[in-house]
Amino acid sequence: MKDNKGNPLRLSSLNHISHVCKSVEESADFYQNVLGFVPVRRPGSFDFDGAWLFGHGIGIHLLQSDDPQKMPKKTVINPKDNHISFQCENMAMVEKKLVEMGIDLVRQRVEEGGVYVDQLFFHDPDGFMIEICNCDNIPMVPLAGEVVRSCSRINLEPQQIHLPVVQP
């Protein structure tokens, strides 16, 4: 396995994350009204309750727990826990909106070579960790190979040069 380099499976992108919920309805409401996901159609052949949502280039598949009362309740927001992270353009606005919504959060700041990344961590209704950050501030530097400009998919695409239009 160590000799596999590049993209041996020819993966193209992250398709979706899936997680089990105490209440699909409550979690779907959270992902739609807090994070801006939209519901999409699930295959009709599924014989279990769930919801599919799409936004920000990925899908979220919510699955109803068979025994919601036995699901552990996470109350402590631990940035080192499993989470999904979303890039944003205005951290102050995001934090203000989350506070207005009454969502408990933890703020962190990471510094790397004089460049700062701000992070906000909070839970969805099932205790799954969500991070909002301005991670594009720090370039992704592979341990070998070329430098990638940032973690944003937009910044992974070849740079286009825009020349000014000169009026005669």
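Shown here for Cys21 and Asp126, the closest heavy-atom pair between the two residues is CB-OD2, 3.3 Å. Residue Pro125 comes nearest to Glu26 through the heavy atom pair CB-OE2, 3.5 Å, listed as atom of the first residue, atom of the second, then distance. When all heavy atoms are compared, the tightest approach of Val20 to Met71 is O-CE, 3.4 Å. The two atoms that bring Ile77 and Pro79 nearest to each other are O-CD, 3.5 Å, heavy atoms only. Among all heavy-atom pairs drawn from Val94 and Cys88, the shortest one is CG2-SG, 3.8 Å.
The side-chain heavy atoms of Phe48 and Val24, taken from C-beta on, include no pair separated by under 4.5 Å. Counting heavy atoms from C-beta outward, Gln32 and Ile60 have side chains that stay 4.5 Å or more apart. Contact check for Leu62 versus His19: side-chain heavy atoms found under the 4.5 Å cut-off. Side chains of Tyr116 and Asn134 form no contact here, defined as non-hydrogen atoms less than 4.5 Å apart. Side chains of Ile58 and Ile84 form a contact here, defined as non-hydrogen atoms less than 4.5 Å apart. Counting heavy atoms from C-beta outward, His56 and Phe37 have side chains that approach closer than 4.5 Å. Side chains of Glu95 and Leu105 form a contact here, defined as non-hydrogen atoms less than 4.5 Å apart. In this structure, Phe46 and Trp52 have side chains that are in contact, with non-hydrogen atoms separated by less than 4.5 Å.
A donor atom on one side chain and an acceptor atom on the other are not found under 3.5 Å apart for Ser27 and Asp124.
Placement of Ile130 and Met91 within a single hydrophobic cluster is found when ILVMFWY residues are connected by side-chain heavy-atom separations under 4.5 Å, directly or transitively. Transitive grouping of hydrophobic side chains (ILVMFWY, heavy atoms separated by less than 4.5 Å) keeps Val38 and Phe86 in distinct clusters. Linking Ile, Leu, Val, Met, Phe, Trp and Tyr residues whenever their side-chain heavy atoms come within less than 4.5 Å places Ile132 and Met93 in a single cluster. Note on Met101: it does not cluster hydrophobically with Phe121, by side-chain heavy-atom contacts below 4.5 Å among ILVMFWY residues. In the hydrophobic clustering of ILVMFWY residues, with side-chain heavy atoms under 4.5 Å counting as a link, Leu14 and Phe54 come out apart.
At most 12 non-hydrogen atoms from other residues, nucleotides or ligands lie less than 6.0 angstrom from CG of Asp66. The environment of CD in Glu112 is sparse: at most 12 heavy-atom neighbours from other residues, nucleotides or ligands sit within 6.0 Å. The environment of Glu100 atom CD is dense: over 12 non-hydrogen atoms of other residues, nucleotides or ligands sit within 6.0 angstrom.
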Task: Test log, rule side-chain contact (heavy atoms from CB on, under 4.5 Å), inputs Asp118 and Arg107 - done: CA-CA 7 Å; Asp118 296 304; Arg107 181 187 313 115; 5.9 Å; no
TODO: Any chance you could lay out the side-chain contact (heavy atoms from CB on, under 4.5 Å) test for Phe128 and Ile17, step after step, and finish with the verdict?
DONE: CA-CA 12 Å; Phe128 185 75; Ile17 64 164; 4.1 Å; yes
Task: Val34/Leu98 under side-chain contact (heavy atoms from CB on, under 4.5 Å): CA gap, chis, key distance, verdict - done: CA-CA 8 Å; Val34 175; Leu98 290 171; 4.0 Å; yes
- [ ] Please lay out, stage by stage, how Met129 and His123 fare under the test side-chain contact (heavy atoms from CB on, under 4.5 Å).
- [x] CA-CA 5 Å; Met129 183 79 65; His123 287 148; 3.7 Å; yes
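Between the CZ atom of Arg42 and the CG atom of Leu63 there is a distance of 7.0 Å, given to the nearest 0.5 Å. Interatomic distance, Asp29 CG to Asn33 CG, rounded to the nearest 0.5 Å: 4.5 Å. For the atom pair CD of Glu131 and OG of Ser85, the computed distance is 3.5 Å after rounding to the nearest 0.5 Å.
Here the side chain of Gln64 pairs a donor or acceptor atom with the backbone of Lys22 at under 3.5 angstrom. At least one donor-acceptor pair under 3.5 Å links the side chain of Gln87 to the backbone N or O of Cys135.
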